[in-house]
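In listed order, ligands and their atoms are each counted from 1. Computed from a predicted model, the values in this text were never measured in an experiment.
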Amino acid sequence: MAQIDNLPPLRDVIREHGLDARKALGQNFLLDLNLTSRIARSAGKLEDVTVLEVGPGPGGLTRGLLAAGAKKVIAVEKDTRCIPALQEISDYYDGRLEVIEGDALKIDPREITEGPIKIVANLPYNVGTQLLLNWLTVDEWPPYWESLTLMFQKEVGQRIVADPSSKAYGRLGVLANWRCYTDILFDLSPQAFTPPPKVTSAVVQLHPREKPLECPLKALETVTNAAFGQRRKMLRASLKSLRPDAEARIEAAGIKPTARAEEIDVAGFIALAHAFS
Ligand code: SAM
């Protein structure tokens, strides 16, 4: 594939700005711009949306997104050292890139942008799941974002798309599949990153369901936490601490109190959430 822009190679950017990777910030960089362009393209049409990127680092995926035609990219980066390198990308792309120095966990995207947004990121592994939970548990639905295209450790990706009875099925899979269509698009081997992590990664995509089943969100979180917190136990035991009449409530939801969490599909958990709310 041809060069995607006339900016310096990422290895030079890293050397010039002293961006040696820091484990505490979950820094595993993608330096192959063909690969970052592939991830950017997998997010679909970008010409008429704002892309929110969490953790741009030296800017590999950011450059992929801009070269793929993103109308605007807002990139939130916690590591101060990366800001001058990202500013060079912003200058090259005539301000289509806005760089925000800060912690993505503390920033509400609705306060920094308007209109349709897609979220695309190679997430830092230490805060990736929490960020996803934040995006999935917003009050209004369909949400303010059109899609999420996110790199996770593959094991987390499998939990997001998991079906009942699979080992990976848990709270994350219930929440994600209640409100979204979820897919693993492709895997990336550790060698794709600098430094290479210990495990394979995967790009996961989520699109909001137009009309997910109506469900009290807090109760769904409480019930899935309790049920999967003790996943080997029968529901009548794992949900007992939530309400004194737990067993009757499980029956009222049309579920056998002797069933275990991993046997209950998303609709079943929604029935439980109503029964326990
Ligand atoms: N996007 C770059 C790439 O693909 O090469 C870097 C990805 S690296 C896996 C994760 C990035 O997230 C790092 O640049 C790290 O500094 C940044 N980061 C870590 N925690 C963050 C947080 N709470 N808010 C914003 N950025 C964060």
Side-chain angles (χ1 to χ4, degrees), residues 4-5 7-43 51-68 70 73-90 97-109 111-113 118-135 148-157 185-204:
I4 70 163
D5 57 34
L7 287 160
L10 285 157
R11 281 191 197 286
D12 295 355
V13 174
I14 286 175
R15 196 176 324 110
E16 193 188 319
H17 293 277
L19 304 180
D20 53 298
R22 296 201 173 148
K23 212 173 167 184
L25 285 166
Q27 292 182 336
N28 299 97
F29 300 133
L30 288 170
L31 305 188
D32 178 349
L33 290 166
N34 289 330
L35 195 52
T36 61
S37 293
R38 182 180 175 205
I39 298 168
R41 286 194 310 273
S42 70
V51 177
L52 172 71
E53 186 193 358
V54 172
L61 180 55
T62 322
R63 284 164 62 175
L65 290 163
L66 290 160
V73 177
I74 299 183
V76 179
E77 175 55 63
K78 194 173 174 184
D79 185 351
T80 317
R81 299 176 307 158
C82 300
I83 306 301
L86 294 164
Q87 197 49 53
E88 287 171 10
I89 303 174
S90 180
L97 168 64
E98 183 183 334
V99 182
I100 297 182
E101 185 184 339
D103 182 343
L105 285 171
K106 297 186 183 147
I107 293 174
D108 183 341
E111 285 171 11
I112 53 174
T113 179
K118 290 185 173 181
I119 301 180
V120 185
N122 172 16
L123 290 175
Y125 72 94
N126 44 351
V127 293
T129 308
Q130 187 55 53
L131 283 166
L132 174 61
L133 287 171
N134 293 354
W135 294 324
L148 308 175
T149 305
L150 306 171
M151 175 94 68
F152 285 100
Q153 296 178 337
K154 186 173 180 186
E155 174 263 326
V156 178
L185 300 187
F186 51 90
D187 291 351
L188 265 82
S189 77
Q191 286 68 43
F193 300 85
T194 303
K198 290 203 174 69
V199 294
T200 300
S201 299
V203 176
V204 182

**Prompt:** Which atoms of ligand 1 sit under 4.0 Å from any heavy atom of Asp79?
**Reply:** 16 (O)
**Item:** Sub-3.5 Å N/O-N/O distance, Ala104 and ligand 1
**Value:** yes
**Asked** So, Glu53 and Thr62: side-chain donor and acceptor under 3.5 Å apart, yes or no?
**Response** yes
**Prompt:** Is there a heavy atom in Gly60 that sits closer than 4.0 Å to ligand 1?
**Reply:** no
**Prompt:** Considering distance alone, does some N or O of Asn28 sit under 3.5 Å from an N or O of ligand 1?
**Reply:** no
**Fill in**
re atom 2 (C) of ligand 1, the protein heavy-atom contact at minimum distance is Pro56 O, 3.3 Å
**Message:** Has Thr200 got a side-chain atom pairing as donor or acceptor with Leu188's backbone, closer than 3.5 angstrom?
**Reply:** no
**Fill in**
atom 3 (C) of ligand 1 has as its nearest protein heavy atom Asn122 ND2, 3.5 Å
**Request:** Looking only at distances, please establish whether an N/O atom of ligand 1 is found under 3.5 Å from an N/O atom of Leu30.
**Result:** yes
**Asked** Counting only N and O atoms by type, is there a donor-acceptor contact under 3.5 Å from the side chain of Ser37 to the main-chain atoms of Leu33?
**Response** yes
**Prompt:** Any idea which atoms of ligand 1 are less than 4.0 Å away from a heavy-atom of Gly102?
**Reply:** 24 (N), 25 (C)
**Request:** Would you please say whether a donor-acceptor pair under 3.5 Å links the side chains of Glu101 and Thr80?
**Result:** yes
**Message:** Quick test: of every protein heavy atom, which one is nearest to atom 13 (C) of ligand 1, and how far off is it to 0.1 Å?
**Reply:** Gln27 CG, 3.6 Å
**Side chain proximity check, Trp135 to Gln130, heavy atoms < 4.5 angstrom** = no
**Message:** To check your reading of the model: name the closest protein heavy atom to atom 26 (N) of ligand 1, its residue, and the distance in Å.
**Reply:** Lys78 N, 3.4 Å
**Asked** Got a donor-acceptor contact below 3.5 angstrom from the Glu77 side chain to the Gly57 backbone?
**Response** yes
**Element-labelled atoms of ligand 1 that are located less than 4.0 Å from some non-hydrogen atom of Val76** = 25 (C), 26 (N)
**Flag, side chain of Asn126 to backbone of Ala24, donor-acceptor distance under 3.5 Å** = yes
**Which residue and heavy atom of the protein sit nearest atom 14 (O) of ligand 1, plus the separation** = Glu77 OE1, 2.8 Å
**Complete:** Ranked by distance from atom 19 (C) of ligand 1, the top protein heavy atom is Leu25 O, 3.2 Å
**Asked** Checking Arg11 against Phe29: charged group under 6.0 Å from the ring centre and within 45 degrees of the axis?
**Response** no
**Message:** Do Thr149 and Lys118 make a side-chain contact, defined as non-hydrogen atoms from C-beta onward lying under 4.5 Å apart?
**Reply:** no
**ligand 1 contacted by Glu53 (non-hydrogen, < 4.0 Å)** = yes
**Fill in**
Going by the 4.0 angstrom heavy-atom rule, the piece of Cys82 near ligand 1 is neither
**Request:** Give yes if a backbone or side-chain nitrogen or oxygen of Asp103 is under 3.5 Å from a nitrogen or oxygen of ligand 1, and no if not.
**Result:** yes
**Donor-acceptor contact below 3.5 Å, side chain Arg81 vs main chain Asp20** = yes
**Shortest heavy-atom approach to atom 8 (S) of ligand 1 - which of Gly26, Gly57, Ala121, Pro124** = Gly26
**Prompt:** Has the side chain of Lys78 got a donor or acceptor atom that lies under 3.5 Å from a matching backbone atom of Ala104?
**Reply:** no
**Asked** Of the protein's non-hydrogen atoms, which lies at the shortest distance from atom 12 (O) of ligand 1, and what is that distance?
**Response** Gly55 CA, 3.2 Å
